[in-house]
Structures are given as structure tokens and as C-alpha cells.
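I have placed the structure first, in the form of C-alpha cells, so that the comments after it can refer back to it.
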Amino acid sequence: MDVRQTIDAFEQWFRTFVFSEWTLYQFGIVAVGYVAASFLASRTEPALEAKARRIKGNPDLLRVIIAFMRRLKWLFLAVWLWLANIALTQNTWPSQRWLVSTALTLTAAWFIISVLTKIIHNPTLSRTVAIVSWSYVALYALRLDGPVLSALDGLAVNLGAVRLSLLLVLKAVVLAVALIWVAVLVGNVLSRLVQRSGDLSPSIKVLISKFIKIGLIMIAGAIALSATGIDLTALTVFSGAVGVGIGFGLQKVVSNFISGIIILLDKSIKPGDTITLGDTFGSIRDLRSRFVSVITRDGKEYLIPNEDFISQQVVNWSFSSDYVRIDVDFGTAYDSDPHEVARIAIATASTVDRVANDYRAPVCWLTCFGASSLDFRLRFWISDPANGLTNVRGQVLMALWDAFKQAGVSIPFPHREIIMRTPVEIKQSRQD
């Protein structure tokens, strides 16, 4: 049956059934059901949604449940149409209940599709998937899927031995997107299971998670191409040329990807490490395929390419140990006892909470007889560099100030001596 014959058959069906008395009855049944379902849903949705929002710890489940609650109108309408369809089936001919039956199919399909697509976090993508899926169900319910698919298949071009139609492209895109989305969803679930393992290091957990996600996405893409009937061998030359072009254009992307794998394999950095790269000091939040996320003490999050961690000098403050030594320089007046100053400095540093006295005790050394002061260097260790270095230095200096003030140890001002090469006569002017 060609398109013209299909159109003629649809016009004949439209004249025969749409203007019949039973069609008006069915319109009334659908309208009454819609009004009743809307009223009932407005009374029950707020209370049920308030109870559902008490669910904690599973945002994906909560999103689906809330979507279910907000679409109770369509559920009530589907139940009403289902009961009406049963009653009409027992008392009328199939031609006298076609509208109720079709409305039941479309309503139930929209309810199920609109709820399930809420798993997709992106609102625009979720709405698009829902509309496309429901549109196909509508075409199938109205028996228009065959003519539409035939028309899409007729729009085709021949690329050598490959016949590329619009229907084939749409099938490949839809199937690829669906399979890749499922692959990402499954990969996230498996990644969470890997992250919960206590026997693996953080770097190995990230590496296994990335391999799982990449492997599932590649498998999903291959299945999508094979399921649509595309001959992969016929696209070998084309894909090779495209691959070469992409290789030249995405050198940095590939370099960062390989660098990320090397970083995970050699375990040079891992989530939670405190690092310094150039002028950036912070803790590593996440390791991605292309970059490393580093959060600084002022709340900025730097996305540093993986290649920089391979080619530049990186200071990992917690690579083999969490303990870090910090130096604090200060000076006192020449009339102070250096032995007493060193004792006070060590005792004062030991009172600061973040100083790791159980690892190594603080030490204080006289380092220089300065121009105007005795110069000392106080050294101590901390075990939490991710909490900052400047703040612990400030705490120690404030404690030293209080301790020196209480002990009568003064911190001198710089002294400057000016020598005049020629005599200077100072005269005082008189004012009348």
C-alpha cells in the first residue's frame, strides 16, 4: 500500500467513524474522565508529594517518585479509560470504542514515559526523549507508523555500496543515544561499587571506573551500529580518513587522556592529595579523563590539564606521608637570652593544636646575628596540609607574640645609623 492509498483509507475511516453517534459518546467519556482525574489529582498530589520528599539519600529515586506524584492525573485518567474500555468491550462493537481504546493507550504511554524519563537529569533532554517516544507510540496506536517509516526510508542517498536513508540515520542516532545512556548509567552504578571497595587505592579506583565507563560506551556504540544494519567494513576507508583528521585536531585531548592514564597507573597523585603546581596550591578533588580538579583554600576550583602534571614540576605534600615541616622565622632584641628565647618558642609552638607533637617535637635554632636582632628559625610539623599553611603559621606567630610579651622578650625595630661626611650646623630660628 502506497502513501496515496493510505491517505484515502484514512479519509474513509475518518468519515465513517468520527461523525458517528458513538464517537460523541466516547468524547464525553474521555472529557468526564479528564475532569474527574484533574480534580482527584489536585486533592491527593500535595499530601503524597510532601510524604515522598522525606526520602533521604537517594535523589534519583526521589526524582522518579516526585514525577509519579505530579502525574497522578494521567494515572487516574488511564484507570478511568481502562474501566470504560472494559465496559464498552462487553456491550459494543470494536468500532464503537476505538476512541476510548486509543485514548487509553496514549494516556498510559504518556504516564509511563514521562515518569521514566525523569531519570535523565537534563530537563531539556528528558522532555525531548519523552515527546519523541510518545510520538512514536501515537503513530503506532493510530496505525500510521508504517507509512511514516516508509516515507523516511524513501529519503536515501547511495554512498558507494552503502544506502544511507533518513530512517537508518534516525535509527542509528536513537539507538546509539539510548545504548550510550544506558552504558553511562550502568558505568556510574559500577563505579560507585568500585569506590566502596576498601581494598583498592584511590588511584586504582578511579582507573578502574574510567576503564569500565569507556569500555561500556565503546560496546554500546558498536552494538548500535551493528543493530541498525550498517556494514562496518564498508566504512573502513572513510572512518580511517576521519580518524586521521581527528587525530591531528585532537592531539592535546589525546595527550591529556594518555597523561591521565599514566597518572593513575604510577599513583603520583590521588584524590585528597595536597599539591602545588606553579602558583596553584590546593587539594585534589577529582581526576577526570582530560583534567585534574584542584580546589584552593579560597574556594576556587582549577581544572588543570593532565599533561601539566607530567611535563611540569609538581609538589605533592602528601605523596608518601601526610606530615609536612613548616619554618617560622622571627627575631628578638640583643639583650634577650637566646637560650630562653628558644625554650619559650618550642614550648609555645607545642601548644598550638595543629602542631604534630606526637610525630616530631618542634625545634628552634639561632640562625644569625642580624643587624638589629637575634634571628631564630622555629621548625615544627603538621599532619593536615590540606587545611592550609598560612593559617598555622599565623597561629604560631600570634602565640609567640603573647609568650614573648609575657616573658618580657622584646622584638626590636630596625636600627639605622646615618654618618654625615661634612659637618652639619643646626640653627634654630626665632619667631617674633
Side-chain angles (χ1 to χ4, degrees), residues 266-284 292 294-300 302 304 308-309 311-419:
D266 63 15
K267 303 178 184 179
S268 57
I269 58 174
K270 61 184 181 296
D273 281 352
T274 303
I275 61 100
T276 299
L277 179 62
D279 297 332
T280 304
F281 171 81
S283 60
I284 295 178
V292 176
V294 178
I295 297 182
T296 60
R297 293 287 299 167
D298 55 0
K300 295 180 181 178
Y302 289 86
I304 304 175
D308 292 350
F309 287 87
S311 59
Q312 298 185 24
Q313 184 180 22
V314 180
V315 179
N316 191 338
W317 296 79
S318 52
F319 178 67
S320 57
S321 174
D322 291 331
Y323 290 97
V324 175
R325 191 185 73 181
I326 297 179
D327 295 344
V328 173
D329 296 326
F330 64 92
T332 61
Y334 268 95
D335 59 354
S336 58
D337 183 1
H339 302 284
E340 182 68 12
V341 170
R343 186 193 65 79
I344 294 174
I346 293 173
T348 302
S350 301
T351 61
V352 178
D353 294 336
R354 290 183 57 194
V355 175
N357 298 299
D358 55 344
Y359 179 67
R360 291 185 184 179
V363 295
C364 184
W365 304 104
L366 176 64
T367 58
C368 181
F369 296 105
S372 58
S373 64
L374 298 173
D375 296 334
F376 293 86
R377 176 164 295 172
L378 176 63
R379 287 178 172 174
F380 56 90
W381 294 78
I382 63 173
S383 60
D384 54 349
N387 291 330
L389 306 179
T390 303
N391 51 5
V392 71
R393 284 195 182 98
Q395 293 173 5
V396 171
L397 286 173
M398 290 291 290
L400 287 176
W401 174 270
D402 296 336
F404 288 158
K405 187 176 182 180
Q406 184 178 1
V409 177
S410 61
I411 299 175
F413 292 101
H415 292 170
R416 296 291 183 267
E417 182 178 355
I418 301 175
I419 300 176

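Only this structure's heavy atoms are used, side chains among them; waters, hydrogens and symmetry mates stay out. Note that the structure is a prediction, hence the values are computed from the model and not measured.
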Which heavy-atom pair separates [X] from [Y] by the least distance, and what is that distance?
X	Y	answer
Ile346	Pro362	CG2-O, 3.6 Å
Ile275	Ile269	CG2-CG2, 4.2 Å
Pro412	Ser373	CG-CB, 3.7 Å
Asp384	Arg354	O-NH2, 3.0 Å
Phe281	Pro385	CZ-O, 3.8 Å
Ala349	Val355	O-CG2, 3.3 Å

Exercise. Tyr302: what forms a ring pair (Phe, Tyr, Trp, His ring centres under 6.0 Å) with it, not counting sequence neighbours?
Worked result: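 For Tyr302 there are no ring pair (Phe, Tyr, Trp, His ring centres under 6.0 Å) partners, ignoring immediate neighbours.
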
Exercise. Phe330: what forms a ring pair (Phe, Tyr, Trp, His ring centres under 6.0 Å) with it, not counting sequence neighbours?
Worked result: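 For Phe330 the ring pair (Phe, Tyr, Trp, His ring centres under 6.0 Å) partners, ignoring immediate neighbours, are Phe376, Phe404.
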
For the atom pair [atom1] ([X]) and [atom2] ([Y]), what is the distance rounded to the nearest 0.5 Å?
X	Y	atom1	atom2	answer
Leu277	Gln313	CG	CD	9.5 Å
Lys405	Ser410	NZ	OG	13.0 Å
Ile304	Phe309	CD1	CZ	4.5 Å
Thr348	Leu397	OG1	CG	11.0 Å

For this session: Taking side chain to side chain contact (heavy atoms under 4.5 Å, CB included) as the test, write out the residues that go with Arg325, two or more places apart.
Result: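 Listed in chain order: Asp327, Arg379, Trp381.
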
Do [X] and [Y] touch side chain to side chain, with heavy atoms closer than 4.5 Å?
X	Y	answer
Leu400	Leu378	yes
Ile411	Trp401	yes
Ile382	Leu389	yes

Problem set entry | side-chain hydrogen bond (donor to acceptor under 3.5 Å, both in side chains) partners of Asp322, counting only residues at least two apart |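 In terms of side-chain hydrogen bond (donor to acceptor under 3.5 Å, both in side chains), with neighbours along the sequence ignored, Asp322 is linked to no residue.
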
Exercise. Run the side chain to side chain contact (heavy atoms under 4.5 Å, CB included) check on Phe380 and Val352 step by step: do they pass?
Worked result: CA-CA 10 Å; Phe380 56 90; Val352 178; over 6 Å; no

For this session: For the pair Asp273 (side chain) and Asn316 (backbone), establish whether a donor and an acceptor sit closer than 3.5 Å, ignoring hydrogens and angles.
Result: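 Such a contact is absent between Asp273 side chain and Asn316 backbone.
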
Exercise. Run the side chain to side chain contact (heavy atoms under 4.5 Å, CB included) check on Val294 and Thr280 step by step: do they pass?
Worked result: CA-CA 8 Å; Val294 178; Thr280 304; 4.2 Å; yes

Problem set entry | Any pair counted as side chain to side chain donor-acceptor pair (under 3.5 Å), so long as it reaches residues 330-347, sequence neighbours left out |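 Found Thr332-Ser336, Glu340-Arg343.
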
For this session: With sequence neighbours left out, write down each residue that passes salt bridge (Lys or Arg N to Asp or Glu O under 4.0 Å) with Asp375, or none if nothing qualifies.
Result: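 Counting only residues at least two positions away or on another chain, Asp375 forms no salt bridge (Lys or Arg N to Asp or Glu O under 4.0 Å).
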
